[in-house]
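Right, one structure below, let's go through it.
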Amino acid sequence: MNADERKQKTRQDILDAAREVFYREDYVGTNVDEIAATAKISKGAVYRYFANKAALYVSVLGQDSKNFFSAAESRVAATKDLPTAERIRDLWSNYVDHWLRHPDAFRIFWAFDNEAVIGELPKELTERIAENWKRSLEITQRVLDEGV
């Protein structure tokens, strides 16, 4: 494994550990020491990859929403031959099923509504998350356009 691959693996290990701790303890109850211990790295290593706890939190939630919308894109492609009404029902049923299976994913809304608690959210992360939500509407619009 080269240096870039090790860095990427360490970053992903931190994100995985942070996801586990944030979803168990919530933002306020989580500390970086616990994330570092869960990732089996030093606290300083966490800060080499993420400026602060808020940046890490939003990165976890941003990654989760990116993964969700990638799966939605795959779902739309897989139902391409179905009638439009069935495709829309399938797509939105998938959204509902996801939120019921992963209620922690709703925590992204808490982050946006509680900047006073966690500090100003990094602009590039909020833009990425907003783009993912925009994709949700675009996916639905595409299915409707294809059906027309």
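Fair warning: this is a prediction, and the values are worked out from it, not measured in the lab.
- Between Gln8 and Asp4, the side chains place no donor N or O within less than 3.5 Å of an acceptor N or O (distance only, hydrogens not considered).
- Counting only residues at least two apart or on different chains, the salt bridge (charged side-chain N to carboxylate O under 4.0 Å, His left out) pairs with a member in residues 75-84 are Arg75-Asp90.
- The shortest distance between side-chain heavy atoms of Ile35 and Phe22 falls below 4.5 Å.
- To the nearest 0.5 Å, atom CZ of residue Arg87 and atom CD1 of residue Ile139 are 11.0 Å apart.
- Taken to the nearest 0.5 Å, the CG atom of Leu91 stands 4.5 Å off from the OG1 atom of Thr140.
- Remark: side-chain polar atoms of Arg11 are not paired, donor with acceptor, to backbone N or O of Tyr49 under 3.5 angstrom.
- Contact annotation: the side chain of Tyr57 never approaches that of Thr30 to less than 4.5 Å [non-hydrogen atoms, C-beta and beyond].
- Put simply, CG on Asp33 and OG on Ser42 are 10.5 Å apart, with the number rounded to the nearest 0.5 Å.
- Partners of Glu86 according to the salt bridge (Lys or Arg N to Asp or Glu O under 4.0 Å) rule, which considers only residues two or more places apart in sequence or in another chain, do not exist here.
- For the salt bridge (Lys or Arg N to Asp or Glu O under 4.0 Å) test, residues two or more places apart in sequence or in another chain that qualify with Glu20 are Arg24.
- Looking only at side-chain heavy atoms (C-beta outward), Leu137 and Gln141 stay at 4.5 Å or farther from each other.
- Between Val143 and Trp92, every side-chain heavy-atom pair lies at or beyond the 4.5 Å cut-off.
- For the pair Thr79 (side chain) and Leu82 (backbone), a donor-acceptor distance under 3.5 Å is absent.
- A heavy-atom distance below 4.5 Å is not found between the side chains of Asp13 and Ile41.
- At least one side-chain heavy atom of Arg142 sits under 4.5 Å from a side-chain heavy atom of Glu73.
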side-chain contact (heavy atoms from CB on, under 4.5 Å) between Arg101 and Asp97: does it pass, once the steps are laid out?
CA-CA 6 Å; Arg101 285 189 320 271; Asp97 290 346; 3.2 Å; yes

